[in-house]
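These figures come from a predicted structure and were not determined experimentally. Naming: A, B, ... by sequence-line order, numbering from 1 per chain.
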Amino acid sequence: MVQQRKLHSMTFVDLVINFIMILVVLICIVPFIYMLAMSLSSPSAIVNNQVSLWPVGFNVQAYIQIFTYPNFFRAYGNTLYYTVAGTLIALFMTTLFAYALSKSFLKGQRIVMKLVVFSMFFSGGLIPTYLLISNLHLTGTAWAMLLPFAINQFNLIILINFFRAVPSEIEEAAIIDGLDYFGILRQIIVPLSTPALATIGLYTAVFFWNDWFNGLIYLNTSQYPVMLFLRNIVNGTTMVGDGAGSADKSTIAMSIKSAVIITSTLPIIILYPLLQRFFVAGLIVGSVKG
Amino acid sequence: MADTSIRSTGAQPSVGSSPGSRSRHFRRYWQLYVMLVIPLVHFLLFKYAPLVGNILAFRRFRPGMGPFGTDWVGFAYFERFFGDPSFWRAFGNTLVLSFGNILINFPIPIIFALLLYEVRNARFRKFVQTISYMPRFISTVVVIAILGEILSPSSGLLNRILEQVFGMEPIYFVNEPQYFRPIYILTETWQFTGWTAIIYLAAITGINREMFEAADIDGANRFQKIIYVTIPSIMSTIMIMLILNVGSLLSLGFEKVLLLYTPSNAMVSDIIDTLVYRTGLMNQNYSYATAIGLFSGVIGVILVSGTNWLSKKVSGESIY
């Protein structure tokens, strides 16, 4: 009897918990559905406030318009370039650094580790960083977007922990087979560390994809990433819907804004479930030990 | 030559002090040192050179005179911002926003993780998790743009609900100063709750099953198990997260504040970082802005070491 009552009260608690979870899910995805609906609705439906979570007067005008908008295409291309190049550079730098630092017998390894950890809590600040970049004459070049972020201390520590977990017997066997350390890194460590590399690769790619502030302070308009393009639309710095003229310019801008939001976010939303099984483990390793 | 190095790699190399063993050490591991060189140079250049660049806070910057300015001015710039009311306003706003943020957004992921762990259906739990991480991957620009459309006074979803359900007048949320702080804090909740909860969820999953079984035998209900078993077991994780949070107290989501900034909410939305951005990059008072930035950086380090010390004393947990 006691058992039964317990069971009964549990199901009620379960119900409440499940309800809260459904609410959380809705809060997380409704904004995107709203954006999607707005981007696919006709301007007149937007004007009359008819659009909520389903497109009204379905059309893809907004998408056609942004795809014919040369600045959007260029910004999108810029972002693609920054993301791919930035991620590759970051993976290269971080892998080399992490592999060397995972060998605690190297002289000076402890000091470098201390430097890495200290720099996580105390960073150079906006102005000195800005002056460094401009004194290196990186302003106005893509390098300003790519180089300063090639090593992220958090990702570095994730990778060091991962490399340390590779059994040393494997490396010893490889040395007996005649591999040197470059060979070990390339042929053994990197293939064994795909989950960790995928994790930090995803973090880095997301960072570069979403970055806009560095574009704002270091780059020229033609080099702007897509997020900065979007910010300028939101700010009203970049005019959209110019061709339409007349009163409903702002509603056209509304559906175009939504279309830019959707197109610039879609790649990440598609990419991240594919890599999800890796990154949870990565986050836990990095946060608990870091 | 190759032979000797091959045979002796089996054991962990001992680092001797005689010059012979040192040169052998370098000869054997030179490739690892080579790997270290490029990233280390990069790291020192992009992480430590700006740190050294903070010297600018004590020297007067003149264009064309190099990154370290011209002559020493001591604490002149610090004295200047200490007497500047707009600095104190930014400082106050930073503290209010930070503490408000920690107060709300520190416990929420813990509660979310505790609740999520109680979800019985494993597939539904996985689904909720997947969806709740998603906002973490969205650019701040997109978050603010979506927010702008949802909160728009003319056509935004929220204002239409308020109007149709409660008969309220539309509110221009993003322009009204009193809504700035709630907007900032709630968008943080939206973006990071699911993500931060991963760490607590991992900690909960790591709790020894026998503890729950023992609690079952003692007749504990679900709520009691959470209070007496789960929370004490993840306390060390909670403390570490708290230290990290307090350590980054002054470094708020600067980009988000910048995106939410409008002249009409400036009284509450001007924080230290935006002040540094405006005085430094927009008005090109490099030395003055560096001094402000350095000050807030030092406060941050003091906060993190202070909390770390306190935590070590109270709970035995520390991050270093």
Side-chain angles (χ1 to χ4, degrees), chain A residues 13-14 17-18 20-21 24-25 28-29 31 34-35 38 46 49 52 93 96-97 99-100 103 105-106 112 119 121-122 124-132 135 147-148 150-151 172 175-176 180-182 206 210 212-213 217 227 230-231 234 254 257 261 265 268 272-273 276 280 283-284 287, chain B residues 6 9-10 12-13 15 29 31-32 35-36 38-40 42-43 46-47 49-51 53-54 56 67 115-116 118-120 128 130-132 134-135 137-139 141-142 144-146 148-150 155 157 160 190 198-199 202 222 247 255 259 276-277 280-281 286 289-290 293-294 297 301 304:
Chain A
V13 175
D14 280 330
I17 292 172
N18 284 355
I20 295 171
M21 290 303 140
V24 170
V25 167
C28 287
I29 54 176
Y34 180 58
M35 286 303 112
M38 290 280 274
I46 295 174
N49 284 342
S52 42
M93 286 283 204
L96 279 184
F97 209 15
Y99 185 59
K103 306 280 175 235
F105 56 78
L106 289 190
V112 178
S119 71
F121 294 108
F122 199 67
L126 179 64
I127 306 300
T129 308
Y130 176 81
L131 290 175
L132 174 75
N135 278 305
L147 278 187
I151 296 172
E172 283 154 18
I175 288 175
I176 292 170
D180 57 15
Y181 279 105
F182 291 114
V206 168
N210 287 339
W212 61 279
F213 182 70
I217 61 177
M227 289 305 162
L230 174 62
R231 186 208 79 137
V234 175
M254 206 76 150
K257 228 188 278 177
I261 289 170
T265 308
I268 281 180
Y272 107 98
Q276 196 197 3
V280 175
L283 178 75
I284 291 160
S287 58
Chain B
I6 286 168
T9 33
Q12 272 296 304
V15 181
Y29 301 117
Q31 290 174 319
L32 291 171
M35 289 180 200
L36 197 62
I38 301 173
L40 184 61
H42 177 279
F43 189 82
F46 286 103
K47 302 284 193 275
L51 219 56
N54 276 314
L56 198 57
L115 287 179
L116 190 61
E118 294 294 318
V119 171
R120 292 294 161 90
V128 175
T130 304
I131 299 293
S132 68
M134 200 174 62
F137 291 86
I138 307 305
S139 171
V141 178
V142 170
I144 300 308
I146 294 177
E149 293 206 27
I150 288 177
S155 59
L157 204 56
R160 271 159 53 203
W190 186 74
I198 296 178
I199 292 160
R222 255 162 118 177
E255 297 187 0
L259 291 166
V276 169
Y277 171 69
L281 295 190
Y286 292 123
T290 305
L294 183 59
V301 170
V304 83

*What part of Y130(A) is in contact with chain B, defined as an atom under 4.5 angstrom from a non-hydrogen atom: side chain, backbone, both or neither?*
side chain
_Among the listed options V142(B), T130(B), T290(B), the residue most often paired with chain A at heavy-atom distances under 4.5 Å_ = T130(B)
*Any side-chain heavy atom of E255(B) within less than 4.5 Å of one from W212(A)?*
yes
*Using non-hydrogen atoms and a 4.5 Å limit, figure out which bit of M35(A) sits close to chain B: side chain, backbone, both or neither.*
side chain
*CE on M35(B) to OH on Y99(A), rounded to 0.5 Å*: 6.0 Å
*Can you say whether V24(A) sits under 4.5 Å from chain B via the side chain, the backbone, both, or neither, judging by heavy atoms?*
side chain
*Under 4.5 Å from any heavy atom of chain B - which part of F122(A)*: both
*Do E118(B) and V13(A) pass the side-chain contact (heavy atoms from CB on, under 4.5 Å) test, and can you show the C-alpha distance, the side-chain angles, and the key distance before you say yes or no?*
CA-CA 9 Å; E118(B) 294 294 318; V13(A) 175; over 6 Å; no
*Where on I268(A) is there a heavy atom nearer than 4.5 Å to chain B: the side chain, the backbone, both, or neither?*
side chain
*Please examine the side chains of V276(B) and I127(A), heavy atoms only from C-beta on, and report whether any two atoms are closer than 4.5 Å.*
yes
*Given side chains that start at C-beta, do those of I151(A) and P39(B) come closer than 4.5 Å, heavy atoms only?*
yes
*asked:* Tell me the closest heavy-atom pair linking L32(B) and A100(A), and the distance in Å.
replied: O-CB, 3.7 Å
*Straight-line distance of D180(A) CG to Q31(B) CD, nearest 0.5 Å*: 4.0 Å
*Evaluate the ring planes of F105(A) and Y29(B), with Trp represented by its six-membered ring, and classify them as parallel (under 30°), tilted (30 to 60°) or perpendicular (over 60°).*
tilted
*Could you tell me the separation between the CG atom of L40(B) and the CG atom of L96(A), rounded to the nearest 0.5 Å?*
12.0 Å
*Roughly how far, to the nearest 0.5 Å, is CE of M21(A) from CG of L115(B)?*
4.5 Å
*What distance do L281(B) atom CG and I217(A) atom CD1 have between them, rounded to the nearest 0.5 Å?*
5.5 Å
_Apply side-chain contact (heavy atoms from CB on, under 4.5 Å) to residues D14(A) and R222(B) and explain how you reach the verdict._
CA-CA 11 Å; D14(A) 280 330; R222(B) 255 162 118 177; 2.8 Å; yes
_side-chain contact (heavy atoms from CB on, under 4.5 Å) between I138(B) and N210(A), worked out_ = CA-CA 7 Å; I138(B) 307 305; N210(A) 287 339; 5.8 Å; no
_Can you tell me which portion of T265(A) sits under 4.5 Å from chain B's heavy atoms? Options are side chain, backbone, both or neither._
side chain
*Give a yes or no on whether I29(A) atom CD1 has more than 12 heavy-atom contacts from other residues, nucleotides or ligands under 6.0 Å away.*
yes
*Measure across C28(A) and S132(B) and return the closest heavy-atom pair with its distance rounded to 0.1 Å.*
SG-CA, 3.9 Å
*Do you know which two heavy atoms are closest between P31(A) and W190(B), and how far apart they sit?*
CG-CZ2, 4.0 Å
*Looking only at heavy atoms, what is the nearest atom pair of H42(B) and A150(A), with distance?*
NE2-CB, 3.5 Å
